[in-house]
Structures are given as structure tokens and as C-alpha cells.
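First comes the structure, then the notes that go with it.
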Amino acid sequence: MVQSKSKFSKIEPYLYLLPAVILFGLFTFYPFFKTIVYSFGNTDTAGRLTGLAGLANYAKLLTDSVFLKSLSVTVVYSVLTVIFSMFIGVFLALMTSEKFPGHKVFRTVYALPMAVSASAAAAIFNFIFHPSIGILNGILGTKIGWLTDSRYALISVVIVTVWMNIGVNYIFALAAVQGVPQELYESATVDGAGALSKSLHVTLPCISPTLFFLLIINVIYAFQQYAQVKMMTSGGPDNSTRVLVYEIYEQAFMYGKFGYACAESVILFLILLLLTLAQFRLERKVTY
């Protein structure tokens, strides 16, 4: 009896992990490896594998102007989104880290975009950017087609994404700023440091682990954007907002090229993997 209890105690921790392992296996690892297999094959319009294509799908990617355009658009979109989302979120966190009359109202307003879904935000901004009845053109006194002109479409989608991401960046940055020891600020004050100097030489170095975390999740999130593009521009005009995830969606579910779309998905995974590894190389500059 004692021996059976001893054996059970050894396997008991793994039994608690079993449900999570099953769920991850079914909905994460199995689709991941299936995507890799399908990227080397041909499929019918129902997504069934009909034969092997070797490296043909990957070779075609190198000469596909639409894919290369979507890749360049994704890079520009991601860079702009990450820079402005993090900068604005951290800046607002620094501005509202101290208590002042009405500070809770400002904190609530700045964190509010976090509670808005991508589809709802896209629907709201569709009205704001509307060329004839839009609020933005009404304020500026212009008739710009923000979502129909290739010169402005990508910037418009970036604005929506930045607005949506501010909340997450603000919440994490505010929590990190409030965790900075007050003794450091007092020492800086004794040394004659001003508010800007304290922010640059005390606050930012102390919250660098949080900034590092935000950088990683912002990059991953930016490369995986889809909803805003689908609802606002459908990749247009002239493919100016055709990000990589929308390109994958269109190849798979509109053209039925599942094998080709899987190859694009693998490329997206490799890009995110390399970017994440490169960011972890920067971890040595993070202050813990």
C-alpha cells in the first residue's frame, strides 16, 4: 500500500500537467507541425494534401512580388507601430506616475483602449477616417481618402493600432515606474537632478526589464496584425496595407492555396523567431 502511494506521488505532478499538455498538443503543436508539412506540399481547395511539392512553394515566394510587397509593408508597419506605441505608453506612464487631482481619471482613460477589441476599434475609426462624413476631415477641413489613398492608408492603420496598443504599454510601464525605489529619486534630488534627468538616468534604467518585455510582445503583436487591415482596407489600396498575415489569409481562404499559405506562415514564424533571438541578445543591456 505504501509502495503504491509512493509510485502515485511520483506521477501525480504529471497528471496535473496532462490537461494542459493535451490542449497545447491539439491546438498549438499539432497545427504547427502540420503547417510545416503542408508548406512542402500541394493541396486542393478544401485544404487536403494532394502531393509533395518539395521547396517549390518557398522558391515561388522569392519571386512573388505580392508576397515581397506584403513583407516590406509588414516591416514598415511593425516598426512604426512598435516605436510609437511604446513611446506614447511609457511617456504617459511617466506623466501620471505621481498623484495629482484627477490622476485616476487620466489613468483610466489612457488604459481604456486595452478593453476595446480590434474589430470595434476598426469600425469606429472607419467613421473617423471616412472621406465625406468623417470627423477627421471635418476638423481639418479636407477631403482626404484616408483609407482609399495609398499615401495615407498605411499611416491610418498604424494610428489605429498604436491607439489600441497604448493601453497595454501604459499599464505595464506605469506599474514598473511605481516600483522604482523612492530612495533613488531622493539621491538624484540631492545631486541636483531635475525631472528630465531623473527620468533618463533613474526611471528608464530601473524599468528596462519591463521595456524589454514590452519590446518583445509589441514586435510579435505587430507582425501578427490582421483584424484592422481586414475591416478597414482589405489590404488595399494597391496592396499598400497588405500585411503578411492578411496575405496568408487571402492565399489560403480566398484562393485555396493552403500549401503556399503554409509556406508563408513558416516564413513569418522564422522572422519572429529571429527577431526574438536578436532582442534577447540585447538582454545584456537590461538592468536587473
Side-chain angles (χ1 to χ4, degrees), residues 27-28 31-32 35 47 66-67 69-86 88-89 109-131 133-136 145-150 152-172 214-258 260-262 264-269 271-272 275-276:
F27 298 106
T28 301
F32 173 73
T35 298
V66 176
F67 170 76
K69 176 66 178 295
S70 68
L71 189 58
S72 64
V73 168
T74 303
V75 171
V76 174
Y77 170 84
S78 300
V79 170
L80 293 176
T81 299
V82 171
I83 291 176
F84 286 103
S85 297
M86 290 191 62
I88 297 175
V109 171
Y110 295 150
L112 189 61
M114 187 177 178
V116 181
S117 67
S119 56
I124 293 170
F125 276 93
N126 274 337
F127 285 104
I128 294 176
F129 290 131
H130 196 279
I133 62 173
I135 299 175
L136 184 58
W146 296 100
L147 301 178
T148 56
D149 191 325
S150 58
Y152 307 105
L154 183 61
I155 296 299
S156 301
V157 178
V158 167
I159 291 173
V160 177
T161 308
V162 168
W163 179 81
M164 290 177 55
N165 291 355
I166 286 175
V168 176
N169 288 282
Y170 173 75
I171 290 293
F172 279 99
L214 288 176
L215 178 62
I216 293 176
I217 65 172
N218 273 271
V219 169
I220 294 175
Y221 182 72
F223 270 85
Q224 293 179 337
Q225 286 304 295
Y226 164 77
Q228 299 95 299
V229 174
K230 172 63 178 174
M231 293 192 63
M232 297 179 70
T233 63
S234 295
D238 194 28
N239 293 331
S240 60
T241 61
R242 191 185 185 88
V243 293
L244 194 50
V245 175
Y246 183 82
E247 159 70 9
I248 294 170
Y249 156 79
E250 196 169 78
Q251 291 293 340
F253 299 105
M254 296 185 68
Y255 303 144
K257 300 178 181 179
F258 290 93
Y260 191 69
C262 286
E264 292 178 325
S265 300
V266 173
I267 295 298
L268 175 60
F269 166 75
I271 292 173
L272 289 175
L275 286 175
T276 304

> How long is the span from the CE atom in M86 to the CG atom in N165, to the nearest 0.5 Å?
Replying inline: 11.0 Å
>> Just so I know, are the side chains of F129 and Y152 near enough to count as touching, which here means a heavy-atom distance under 4.5 Å?
In response: no
> W163 and F125: aromatic ring centres closer than 6.0 Å?
Replying inline: yes
> Does any non-hydrogen side-chain atom of N169 lie less than 4.5 Å from one of I88?
Replying inline: no
> Given side chains that start at C-beta, do those of L244 and F67 come closer than 4.5 Å, heavy atoms only?
Replying inline: yes
>> Please enumerate all residues that pass side-chain hydrogen bond (donor to acceptor under 3.5 Å, both in side chains) together with S78, with sequence neighbours excluded.
In response: none
>> I'd like to know if the side chain of Y77 pairs up with that of T161 as donor and acceptor (distance under 3.5 Å, no hydrogens or angles considered).
In response: yes
> Is the backbone of V82 close enough, under 3.5 Å, to the side chain of S85 for a donor and an acceptor to pair up by distance?
Replying inline: no
> With sequence neighbours excluded, what pairs up with D238 under the salt bridge (Lys or Arg N to Asp or Glu O under 4.0 Å) test?
Replying inline: none
>> Could you go through M164 and Q228, starting from their C-alpha distance and side-chain angles, then the distance that decides it, and tell me whether this counts as side chain to side chain contact (heavy atoms under 4.5 Å, CB included)?
In response: CA-CA 10 Å; M164 290 177 55; Q228 299 95 299; 3.7 Å; yes
>> With heavy-atom distances below 4.5 Å as the criterion, would you say the side chains of N126 and M232 are in contact?
In response: yes
> Do the ring planes of Y226 and Y246 sit parallel (below 30°), tilted (30 to 60°) or perpendicular (above 60°)?
Replying inline: parallel
> With distance as the sole criterion, is a donor-acceptor pair present between the side chains of T241 and T233 under 3.5 Å?
Replying inline: yes
>> By the definition side-chain hydrogen bond (donor to acceptor under 3.5 Å, both in side chains), identify the one residue from K230, K257, R242 that meets it with E250.
In response: R242
> Does D149 use its side chain to pair, donor to acceptor, with the backbone of G145 at less than 3.5 Å?
Replying inline: no
> Would you say the side chain of Y249 lies within less than 4.5 Å of the side chain of M254, judging by non-hydrogen atoms?
Replying inline: yes
>> Other residues, nucleotides and ligands only: do more than 12 of their heavy atoms fall within 6.0 Å of OH on Y221?
In response: yes
>> Do W146 and I128 make a side-chain contact, defined as non-hydrogen atoms from C-beta onward lying under 4.5 Å apart?
In response: no
> Do the side chains of N218 and T81 get nearer than 4.5 Å, heavy atoms only?
Replying inline: no
>> Tell me every residue that passes salt bridge (Lys or Arg N to Asp or Glu O under 4.0 Å) with E264, counting only those two or more places apart in sequence or in another chain.
In response: none
